[in-house]
Protein chains: 2
Amino acid sequence: MQPTVEDVARAAGVSRQTVSNVLNAPERVRPQTRARVEAAIAQLGYRPNRLAQGLRAASSRMIGYRIEPVHPHALGSIHDRFLHALADAGRAEDHHLLLYTADDAEGEIAGAVSLYKAGAIDALVLYGLHPGDPRPPALRAHGVPFAAFGRTGDDDGHPWVDVDNTAGTAAATRHLAERGHRRIAFAGWPDGSAVSDRRAEGWREACAGLGLPLGPHLRGEDSLATGAALGARLLEHPDRPTAVVAATDTLAAGLLRTVRARGAELAVVGFDDTPTAAALDLSSVRQPIEAAGRAMISALLNPPLADPAPADPPLGGGPQAARLLAPELIVRGSSTGTP
Amino acid sequence: MQPTVEDVARAAGVSRQTVSNVLNAPERVRPQTRARVEAAIAQLGYRPNRLAQGLRAASSRMIGYRIEPVHPHALGSIHDRFLHALADAGRAEDHHLLLYTADDAEGEIAGAVSLYKAGAIDALVLYGLHPGDPRPPALRAHGVPFAAFGRTGDDDGHPWVDVDNTAGTAAATRHLAERGHRRIAFAGWPDGSAVSDRRAEGWREACAGLGLPLGPHLRGEDSLATGAALGARLLEHPDRPTAVVAATDTLAAGLLRTVRARGAELAVVGFDDTPTAAALDLSSVRQPIEAAGRAMISALLNPPLADPAPADPPLGGGPQAARLLAPELIVRGSSTGTP
DNA sequence: TTGTAAGCGTTATCAC
DNA sequence: GTGATAACGCTTACAA
């Protein structure tokens with residue numbers, strides 16, 4: 001059994017509430033008394049019980065996070081970096097992450113709502129958002145506070161943080177142009193993926209800004225095999241590019257495999273700077289995940305959660321701008337040959 | 001505000017305790033009454049408050065887990081698989097993971113003790129154990145229950161689960177021998193790493209069992225660059241091997257880079273089956289992490305935590321045996337050429 | 001400044 | 001089978 005306020009009070013020769021005051025409103029306690037209480041706390045190794053605090057305060061100081069199964073195709077991900085960043089940012093605010101699993105988005109919602117209603121979590125962190133994502137509206141309907149890492153396109157009702165994907169591929173494209181490449185392709189996922197679209201947009205805009213013709217825009221699912229196949233298509237393309245920007249490291253790794261297997265010359269830049277990128281000597285765009293984690297926690301704990309006054313001016317504007325974080329290009333050997 | 005037992009009781013026209021009985025001892029309640037209460041629960045969306053339950057039961061149903069910063073050298077890791085497995089195994093038992101961060105082992109201990117004393121966690125999961133690891137004795141001294149994934153060599157006082165590293169490299173070695181290799185090297189970390197030692201042992205024993213001469217045993221820190229350097233040493237070795245078993249995928253990837261850059265022939269098998277292994281077409285030994293996660297949770301929640309009777313027979317023997325899990329060799333292109 | 005009293009939501013005990 | 005009472009550990013009015 002752990003010591004309680006009562007034990008501390010007895011040891012210090014004061015009442016239970018004085019101990020509480022020492023912890024929560026020290027200025028109200030005579031220094032001498034305070035010192036005695038603090039000595040007792042230290043000596044007994046007393047820690048306030050978080051469950052009791054939470055029950056009283058109606059706040060568990062826990063943030064829910066659904067951990068997804070590791071996708072077998074994708075090469076390592078930045079997910080573990082994100083999780084660590086989140087946990088670390090929470091530490092400063094005395095909040096912790098509560099991990100849970102679910103089989104699908106529906107189960108994720110049900111699990112989150114259940115944890116919230118049970119008072120196990122105060123809020124939720126969502127990631128991997130996509131257009132039409134069912135989670136934000138569902139959580140909103142159930143009154144579960146949350147912040148999102150990524151956007152769905154309909155993000156006005158909740159705090160979010162995102163990485164400026166467009167800026168990332170634009171930087172990659174400019175880097176390639178600086179190395180002398182004039183014909184730069186892009187490899188992304190199919191159709192309506194908002195992330196891939198934004199990354200393609202950065203490439204397109206950068207090419208336009210530089211006065212370069214637009215190279216081929218290839219699409220395929222995010223796997224190594226697809227990347228390799230796209231590489232073959234690129235090398236056999238009638239209008240063969242000398243460089244390619246890929247929407248992910250996985251695709252880039254596939255491209256690179258084909259390129260290297262054939263001894264061909266094709267500069268490649270990936271996205272995410274996964275550990276695999278370093279292993280393959282692949283240039284890649286690195287997301288500022290640590291900053292994103294801090295921004296998420298801050299978004300969750302500061303205005304939205306603390307003061308949900310209904311008639312206040314909407315969030316937008318100032319703070320929102322700081323939530324779009326700029327990525328950084330990491331240059332390696334895969335993009336530094338000459339065309 | 002969420003509904004409470006009281007609300008449910010009022011809605012069902014019974015008393016608070018009857019509601020509690022419906023949840024915790026349904027057989028004691030007349031079916032008719034029970035149905036009425038259950039309807040009220042469903043209609044109100046009532047969920048028992050976990051904080052209140054925890055306070056009452058002196059158990060938070062939370063398991064602490066320190067998430068370490070991502071090691072920048074290592075290629076992806078199996079850590080995210082482990083974490084998911086753990087969280088998923090906990091779900092079945094209605095337990096959740098509480099993530100926390102720390103700067104070093106000392107901070108990890110302090111954090112864990114603090115969380116435990118605060119009633120925020122019931123127990124801890126440790127991983128990355130090494131001989132002389134300060135954590136088990138410290139936690140034991142503070143009375144914090146824990147289970148370890150991995151062994152320190154002095155593991156009698158706590159539940160643990162480990163992967164049979166020796167069996168893994170032995171399987172890799174036999175696989176290479178079957179492909180016709182007669183001279184097989186090993187690349188591991190330096191000195192007293194228990195894990196590397198066990199992996200080297202599997203290779204050594206398998207070679208002996210097969211009547212093969214022992215190839216060179218190289219050592220270096222776990223990085224890509226080191227792997228690449230070891231690869232060069234191997235290719236220039238006076239007694240050049242035709243295959244090598246590496247203690248990690250990171251070392252294997254480095255070896256492979258040198259091998260492929262020089263167009264040399266050297267079969268390589270890694271360890272961990274990280275996503276990078278698939279990317280590099282690298283054969284690798286895959287740890288049964290999902291099973292390990294389940295075993296950890298089970299070790300934590302079943303005998304040790306539920307019934308810490310002091311004078312009982314020690315754990316050893318039967319259950320212990322099942323805690324050493326057999327890995328699986330995943331064969332890919334890096335080891336299927338002929339010597 | 002310090003102490004008294006009440007309540008957060010749950011469950012176990014014990015009468016009825 | 002059901003209902004009143006108490007207790008888990010903490011905090012916050014409020015009174016001394």
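Below, chains carry the letters A, B, ... as their sequence lines are ordered, and counting in each starts from 1.
In this structure, the side chain of A:Asp122 engages the main chain of A:Ser60 through a donor-acceptor pair within 3.5 Å.
Atom CZ in A:Arg50 sits roughly 17 Å away from atom C1' in C:dC8 (whole-Å rounding). Put simply, CG on B:Leu51 is 11 Å from P on C:dT10, counting in whole angstrom units. In this structure, A:Leu23 atom CG and D:dG9 atom P are separated by 16 Å, rounded to whole Å. In this entry the distance linking NZ of B:Lys117 with P of D:dC10 reads 13 Å, nearest Å. Rounded to whole Å, the distance from CG on A:Asn21 to C1' on C:dT4 is 13 Å. Rounded to whole Å, the distance from CG on B:Asn49 to P on C:dC8 is 12 Å. In this structure, A:Gln2 places its CD atom 15 Å from P of D:dC8, rounding to the nearest Å. B:Glu6 places its CD atom 10 Å from the P atom of D:dA4, with the value rounded to the nearest Å.
If you check every strand for non-hydrogen atoms under 4.0 Å, A:Thr18 touches sugar and phosphate atoms only. If you check every strand for non-hydrogen atoms under 4.0 Å, B:Arg47 touches sugar and phosphate atoms only.
Using a 4.0 Å cut-off between a side-chain N of Lys or Arg and a carboxylate O of Asp or Glu, B:Asp7 and B:Arg16 do not qualify as a salt bridge.
The phosphate of D:dC10 has neither OP1 nor OP2 within less than 4.0 Å of any side-chain N or O from A:Arg16. Residue A:Thr33 has a polar side-chain atom (N or O) positioned under 4.0 Å from OP1 or OP2 of C:dT2. In this structure, A:Arg56 does not reach the D:dT12 phosphate: none of its side-chain N or O atoms is under 4.0 Å from OP1 or OP2. Under 4.0 angstrom from either OP1 or OP2 of D:dG3 there lies at least one side-chain N or O belonging to B:Ser15. Under 4.0 angstrom from either OP1 or OP2 of C:dT11 there lies at least one side-chain N or O belonging to B:Asn24.
Ring centers of A:Phe149 and A:Phe82: under 6.0 Å apart, within the cut-off. Aromatic ring centres of A:His142 and A:Tyr116: separated by at least 6.0 Å.
Looking at the side chain of B:Val5, the nearest of the listed nucleotides D:dT11, C:dT1, C:dG9 is C:dG9.
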Item to complete: Check the pair A:Val37, A:Val29 against side-chain contact (heavy atoms from CB on, under 4.5 Å), reporting the backbone distance first and the verdict last.
Response: CA-CA 10 Å; A:Val37 171; A:Val29 177; 5.8 Å; no

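For B:Gln17 and D:dT5, a side-chain-to-base donor-acceptor distance below 3.5 Å is present, hydrogens and geometry of angles not being considered.
Nearest-nucleotide mapping onto DNA chain D: of B:Arg28 and B:Leu55, the residue sitting toward the 5' end is B:Arg28. Heavy-atom nearest nucleotides on DNA chain D were determined for B:Glu27 and for A:Pro3, and the one closer to the 5' end corresponds to B:Glu27.
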